[in-house]
Number of protein chains: 2
Amino acid sequence: MLTDSPSSLAASAPIARRPLHEAAIDRLRDLIVQGELLPGSRLNERVLAGQLGISRTPLREAFKLLATEGLVELLPNRGAIVAHLDPERIRQTLAVMGALEALIGELACKQAPEAAIAEIQALHFEMRAAHARRDLAAYFRYNQAIHLNLAEAAGNAVLALTYRQLNANVRRVRYMANLSPERWDAAVREHDAILAALSARDGTRLKALLSDHLAQKTASVLAALAERRIMAAA
Amino acid sequence: MLTDSPSSLAASAPIARRPLHEAAIDRLRDLIVQGELLPGSRLNERVLAGQLGISRTPLREAFKLLATEGLVELLPNRGAIVAHLDPERIRQTLAVMGALEALIGELACKQAPEAAIAEIQALHFEMRAAHARRDLAAYFRYNQAIHLNLAEAAGNAVLALTYRQLNANVRRVRYMANLSPERWDAAVREHDAILAALSARDGTRLKALLSDHLAQKTASVLAALAERRIMAAA
DNA sequence: TTTTTGTATTCTGCATGCAAAGTTTATAGG
DNA sequence: CCTATAAACTTTGCATGCAGAATACAAAAA
């Protein structure tokens, strides 16, 4: 499933129907993650509230939320800006994600339902298709979906949620930095191996593969940042 | 209970030159973590705002924040309640913390400054002192401080922050559930071994010890929950 | 007595007003 | 022409008012 689960921990509560304005907040999150709002951009309450069609109060609540996710920075008495992409912070985030992926791989192999693995397999083929068509946007979507579904498949909601939140920040870089063709091909091969290990429920091998995959991803992401391919607002 | 002594709250909120309301929000977090507000308690906006000496708007922002930390649950159109202590959720949280502690142990041994290790060692002796005096409250404080300092010593801010947030929920259980004398003594011995491994910068051993320590802690916490030693509001 | 339905009350969620902090612009002095 | 300073403007942070949802209560029906 490609639909982004937008929720924070709060959303795990028994919710029948979400407040109307959370849609607007999710839209703001997407604007930041997809790079339409550049790092460093000031987020004027009145203007942004107008653009999103909500009032300042729920928007302010959204700022606080997005700040905990590391997507915006709150400057006392000077409002909010889109959080900068600090390479060191990204590196640290990826290190934590590595620790989580190790657990994810272990748990997923041990206790993921067959249906979940089948779905991930399906997403993998979709991703292969996107790669064959050189459709980078679709590739990214399926890639994300695979990793998030894998996190879900581990059967630990806290683990999946934590992983997702950390991922949001890294995702911003991916959206802004294209991969080199070689790296793209290599990433696909890595995913092939990952899927094979998952299907075989070989936890030890999956952990190693995920760790290697993340190391490559880290290098790629940090290289993109170092090359200043990532733009920031003045 | 909060409702029993509303005046103490008002008195403990000193009027700052600039009404910085984050102090009030921290106070609310403490009330939840320390169990003065029982799981399941409804958090009436107007009442609570009055007790904390702030207005509803910043309090609502606090609710959203605490929801991401898993300390309150937001029920659409029905406000906020203190989050329930779901044993399965606590178990999942502890599993994630285990993965993080493995990384913490590894990084701390590899790159913690000597001063940080010395400080942890000092806290450890303070904790031993509290244990010798059977001062449970002080013991918990030093125990927390040790684990949090260890997380900081790993030199990864994202790691430390993530660990701290997950820890908040587990801490609530510790505050409410006393340890058995045997478990208490065993925990202290485990800490002795942990400190020894850290001082020797033996990452492999530290990881194993932390893992074992957490497993014991998990058993103890879940036992407390199972024995219904943890109270919840109706 | 128990269940149901209509009504009153309470509470949340959002919009908006206001004071203070911050920013920009204009002006005077060097 | 450049710098310093003050006035005007902008924006945030918080308080509060209002509409609608949810709950509690009461009376009527089974």
Side-chain angles (χ1 to χ4, degrees), chain A residues 6-29 32 37-38 40-68 71-83 233-234, chain B residues 2-3 6 9-10 13-29 32 37 40-68 71-84 233-234:
Chain A
S7 64
S8 53
L9 271 166
S12 62
I15 288 184
R17 216 164 34 125
R18 298 195 325 165
L20 195 62
H21 286 348
E22 289 215 12
I25 293 167
D26 291 341
R27 215 152 85 65
L28 173 57
R29 184 187 284 107
I32 295 173
L37 289 170
L38 294 177
S41 306
R42 293 206 64 244
L43 298 173
N44 182 298
E45 283 185 3
R46 217 173 297 266
V47 172
L48 198 54
Q51 288 172 349
L52 293 171
I54 59 180
S55 87
R56 290 171 53 218
T57 303
L59 181 59
R60 283 170 64 55
E61 292 172 358
F63 283 169
K64 289 257 157 79
L65 235 122
L66 295 174
T68 69
L71 292 176
V72 313
E73 294 169 19
L74 299 178
L75 313 177
N77 289 320
R78 284 190 296 156
I81 63 174
V82 178
Chain B
L2 183 57
T3 46
L9 256 178
I15 297 168
R17 267 193 306 282
R18 215 190 61 184
L20 186 61
H21 288 161
E22 291 209 16
I25 293 167
D26 289 341
R27 176 108 180 90
L28 174 56
R29 183 186 287 106
I32 294 174
L37 290 170
S41 305
R42 292 207 65 240
L43 298 173
N44 182 297
E45 282 184 2
R46 218 174 297 265
V47 173
L48 197 54
Q51 288 170 346
L52 290 170
I54 61 180
S55 86
R56 290 172 53 218
T57 303
L59 180 59
R60 284 173 60 64
E61 292 171 358
F63 284 169
K64 288 258 157 82
L65 236 125
L66 295 174
T68 69
L71 293 176
V72 313
E73 293 170 19
L74 301 178
L75 313 177
N77 291 320
R78 285 189 294 155
I81 62 173
V82 177
H84 289 97

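Order of the sequence lines fixes the chain letters, A, B, ..., with proteins taken first and strands second; residue numbering starts at 1 for each chain.
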Starting from [atom2] on [N], measure out to [atom1] on [X] and report it in whole angstrom.
| X | N | atom1 | atom2 | value |
| --- | --- | --- | --- | --- |
| B:L74 | C:dC11 | CG | C1' | 15 Å |
| B:E22 | D:dG13 | CD | P | 10 Å |
| A:L43 | C:dG22 | CG | P | 19 Å |
| B:I25 | D:dC14 | CD1 | P | 8 Å |
| A:I81 | C:dG22 | CD1 | P | 16 Å |
| B:R46 | D:dG17 | CZ | P | 10 Å |
| B:E61 | C:dT12 | CD | C1' | 15 Å |

Query raised in the report: By side-chain contact (heavy atoms from CB on, under 4.5 Å), which residues pair with A:I25, not counting sequence neighbours?
Result: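 Listed in chain order: A:A62.
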
Looking only at heavy atoms, which two atoms of [X] and [Y] are closest? And how far apart?
| X | Y | result |
| --- | --- | --- |
| A:F63 | A:L74 | CB-CD2, 4.0 Å |
| B:L65 | B:T68 | O-OG1, 2.6 Å |
| B:I81 | B:H84 | CD1-CE1, 3.7 Å |

Report task. Output the residues of residues 50-60 of chain A in contact with DNA chain D, where contact means a heavy atom of the residue under 4.0 Å from an atom of the strand; sort by number or write none. Result ->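 Here the set is A:R56, A:R60.
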
Query raised in the report: Does B:R78 have a side-chain nitrogen or oxygen under 4.0 Å from the phosphate oxygens OP1 or OP2 of D:dA21?
Result: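 Indeed not, no polar side-chain atom of B:R78 lies that close.
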
Ignoring hydrogens and angles, write down the donor-acceptor pairs under 3.5 Å from the side chains of residues 47-58 of chain A, residues two or more places apart or on other chains.
| from | atom 1 | to | atom 2 | distance (Å) |
| --- | --- | --- | --- | --- |
| A:R56 | NE | A:E45 | OE1 | 3.0 |
| A:R56 | NH2 | A:E45 | OE1 | 2.9 |

**Report entry** NZ-NZ distance between B:K64 and A:K64, expressed to the nearest 0.5 angstrom
**Finding:**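 The NZ atom of B:K64 sits 11.5 Å away from the NZ atom of A:K64.
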
**Report entry** A:L43 and A:V82: CA distance, side-chain angles, deciding distance, side-chain contact (heavy atoms from CB on, under 4.5 Å) verdict
**Finding:** CA-CA 7 Å; A:L43 298 173; A:V82 178; 3.9 Å; yes

Query raised in the report: Base, sugar-phosphate, or nothing: which does A:L75 touch, judged by heavy atoms less than 4.0 Å apart?
Result: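 Contact class for A:L75: sugar-phosphate only.
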
Query raised in the report: Taking only residues two or more places apart in sequence or in another chain, which ones pass salt bridge (charged side-chain N to carboxylate O under 4.0 Å, His left out) with A:E73?
Result: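 Salt bridge (charged side-chain N to carboxylate O under 4.0 Å, His left out) list for A:E73, sorted by chain: empty.
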
**Report entry** Partner set under side-chain hydrogen bond (donor to acceptor under 3.5 Å, both in side chains) for B:D26, not counting sequence neighbours
**Finding:**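 Counting only residues at least two positions away or on another chain, B:D26 forms a side-chain hydrogen bond (donor to acceptor under 3.5 Å, both in side chains) with B:R29.
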
So which protein N/O to nucleotides 8-10 of chain D N/O distances come out below 3.5 Å?
none

